[in-house]
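Below, each value reflects all heavy atoms present in this structure, side chains not excepted, and no hydrogens, waters or symmetry copies. Residue indices begin at 1 and follow the sequence shown.
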Amino acid sequence: MEVVCSRLSLFPERSYTVTISARIVNGVVPRVVCSTCVAVVKHNHRRTSRDNSATTSSTRTRTGRPHTSTTGGHARKLNLDISPHRAVSAVRLMRIELGGAFADLLNEQGKGSGDNEMGYVERTLGFRTRDLEDRDLRLVTEIVGGTTRWKRYLDHLILSLCHDQNTIKSMEPLLLQILRIGFYEILKLEMPPYAVVDENVKLAKAALRVGAGNMVNALLRKLLMLKEKSLLPEPKVDGDERQRARALATIHSHPVWMVRRWINHLGLDEAVKFMTWNNTDPGFSIRVNLAKGFTRPDLVGELEKLKVPYKLSQHLDDFVRIRTGMQVIIQAGLLKNGFCSVQDESAGLVVRVVDPKPGDSIIDCCAAPGGKTLFMASCLNGQGSISAVDVNKGRLRILKETAKLHECDQVITTIHADLRALDSNILKGDKVLLDAPCSGLGVLSKRADLRWNRRLEDMEELINLQDTLLDSASNLVKPGGVLIYSTCSVDPDENEERIAAFLLRHPEFCVDSADKYVSPPFVTEGGFYSSSPVKHSLDGAFAARLLRST
């Protein structure tokens, strides 16, 4: 028997096939697990049987509502009873777990993102809903991001209500995502309970089967009862260090190894504050593109026209902050036309530490996707050069295209190369920025999925890579020049410890204090730049400025 893996519908550009030997008894096909994902063959068999019995010219949805739609000669199933944002959210969450998507929609292109997401729904569930509206897109972003952040806590509650660990272990991936969505909507969004129960039950019945809908109905109603009586099963923070860390990891929905690490580095109170920040809805900063003659007053005027609330950055003259309205800004074309970029102030402050000046020759060692590269280029006013080096050819091509859009490509030269193999006799710079690959532990509020994709074992690999890249980058610095090392991490092992180890290996470098480039609240005792989510309400970032002797 040959089974097409469920990734095929999630990722049309890939093809996975699993061949097994099995007997079908009384029409029941056993579950099949392949090396890449779970293929729920029993469910697919039943759904295929139902689908084959349907006509293509005129038919009805699983809920009884008639539907017909033809595009390019192909009939498409429509189910207008299913709320589109829940269908899209469930499928996107599945794609995130299988490694094919991120938890945000910011990299999508305006309204087209709705069409893309509905295409995934159709290929995965076998039907489409009504088209996504702007409000639906906002809800998708909220539900997918929030459900991903709170996954560990939600699974704890689902498991507690099931009373059987094997139930959740054997649960179909789509059913688990629908339950997570329902639990999140009830607990964190405080949506009308009847709507949450009714809509998620409909989705489970339409996408899976009646029994799945009944299970969703029972668990959501049980959750509502426990919530109303304040009887939600919460882990007790007691016992030894490991037990306390496990309880806190469940309550605040983080991996245990991260919680233990932060308690050791920050102390218990700061660790809890940090996790609380990671679970809040992120705000965003927007940088105006001065290279295109677009100033902050220009951006403010556009935001007021679009009725998008904003605050001026207290730290950088080219930035504004927003908490809502990103889809409005995207659809207005401000990003697409290169007038501004989404960039956190913490990253902008790293550029301030670099201190790019007209006439500088700058090497950006791990440049793609290019946020800092473009900001530095805008500071050069068309005078000087930036060599943007990256090992990823595709991302480097995007950087080049964006630089042209932002009208700063005249000072940027892209170089496709591995920094570790770059000939330092050919390329030298006054200022060399190494924005190193790191754990990303400072940006977990924006990258909701990142916490589940990082392992403790990754840290040692990253640290070794950071040391190697630092050594390679140092060879590109001219005598009397500057090396800037930065990360988007708050972990001392990736930051201060890497600089201390580097200076032992390279006595020709010394620390140039960041206090000449950023305000005192961002300067550590060692003279480094450091932003803290808890202290500064920005992403966590680090930068060290190192002078090379002449």
Side-chain angles (χ1 to χ4, degrees), residues 4-16 36-37 67 69-80 82-148 173-174 177-178 180-181 199 203 206-207 282 284 324-338 341-342 368-369 392 394-395 397-398 401-402 405 446-450 453:
V4 178
C5 168
S6 61
R7 282 198 178 212
L8 184 60
S9 59
L10 297 175
F11 311 109
E13 69 277 8
R14 305 178 188 175
S15 179
Y16 298 86
T36 53
C37 69
H67 64 278
S69 176
T70 304
T71 302
H74 298 286
R76 300 191 306 179
K77 296 181 181 179
L78 291 178
N79 191 328
L80 301 180
I82 303 301
S83 57
H85 73 266
R86 287 187 175 91
V88 167
S89 296
V91 171
R92 192 170 183 88
L93 286 166
M94 289 180 65
R95 292 172 58 218
I96 290 168
E97 291 216 347
L98 294 172
F102 297 106
D104 64 79
L105 295 173
L106 285 181
N107 57 344
E108 303 287 358
Q109 297 299 318
K111 293 182 179 179
S113 62
D115 296 333
N116 294 337
E117 295 299 321
M118 194 55 67
Y120 284 116
V121 168
E122 184 175 19
R123 288 190 291 271
T124 306
L125 305 186
F127 60 81
R128 297 175 71 92
T129 71
R130 66 170 174 79
D131 292 337
L132 287 164
E133 299 174 356
D134 291 348
R135 179 178 179 275
D136 297 315
L137 283 171
R138 290 193 294 271
L139 280 169
V140 170
T141 299
E142 166 63 36
I143 290 172
V144 171
T147 302
T148 302
L174 179 59
Q177 302 303 344
I178 294 172
R180 286 171 177 167
I181 289 171
E199 293 292 334
L203 176 57
F284 294 94
T324 61
M326 182 57 72
Q327 286 293 336
V328 175
I329 293 171
I330 291 173
Q331 292 172 19
L334 292 175
L335 303 179
K336 184 178 180 180
N337 294 318
S341 302
V342 177
N392 189 310
R395 284 157 60 93
R397 183 177 63 252
I398 294 172
E401 293 170 355
T402 308
L405 174 68
K446 289 187 174 69
R447 285 292 309 278
D449 49 313
L450 190 59
N453 295 333

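- Closest heavy-atom contact between A448 and G145: CB-O, 3.7 Å.
- E133 pairs by the side-chain contact (heavy atoms from CB on, under 4.5 Å) definition with R130, D136, not counting sequence neighbours.
- Rounding to the nearest 0.5 Å places CG of D134 at 10.0 Å from CG of L132.
- In terms of heavy-atom proximity, T129 sits nearest to A87 at CG2-CB, 4.0 Å.
- Atoms CD1 and CG, from I181 and L203 in turn, are 7.0 Å apart once rounded to the nearest 0.5 Å.
- Heavy-atom minimum distance, F127 versus V121: O-CG1, 3.5 Å.
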_Working note: M118 + V88, criterion side-chain contact (heavy atoms from CB on, under 4.5 Å); need CA distance, chi angles, decisive distance, verdict._
CA-CA 6 Å; M118 194 55 67; V88 167; 4.0 Å; yes
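- Legend: residues meeting side-chain contact (heavy atoms from CB on, under 4.5 Å) with L405, ordered by chain and number and at least two apart, are K292.
- With sequence neighbours left out, R395 forms a side-chain hydrogen bond (donor to acceptor under 3.5 Å, both in side chains) with no residue at all.
- The side chain to side chain contact (heavy atoms under 4.5 Å, CB included) with R92 is formed by just one residue from the set I143, T124, V144, T148; it is V144.
- Taken to the nearest 0.5 Å, the CE atom of M326 stands 12.0 Å off from the CD atom of Q331.
- Counting heavy atoms from C-beta outward, E199 and H85 have side chains that stay 4.5 Å or more apart.
- Taking CG from L78 and CD from E122, the interatomic distance works out to 8.0 Å, rounded to the nearest 0.5 Å.
- Evaluation of the salt bridge (Lys or Arg N to Asp or Glu O under 4.0 Å) rule for R86 yields E185 as partners, not counting sequence neighbours.
- In plain terms, the two heavy atoms of P173 and M94 that are nearest each other are CB-CE, 4.1 Å.
- Atom CD1 of residue I178 and atom OG1 of residue T147 lie 12.0 Å apart, to the nearest 0.5 angstrom.
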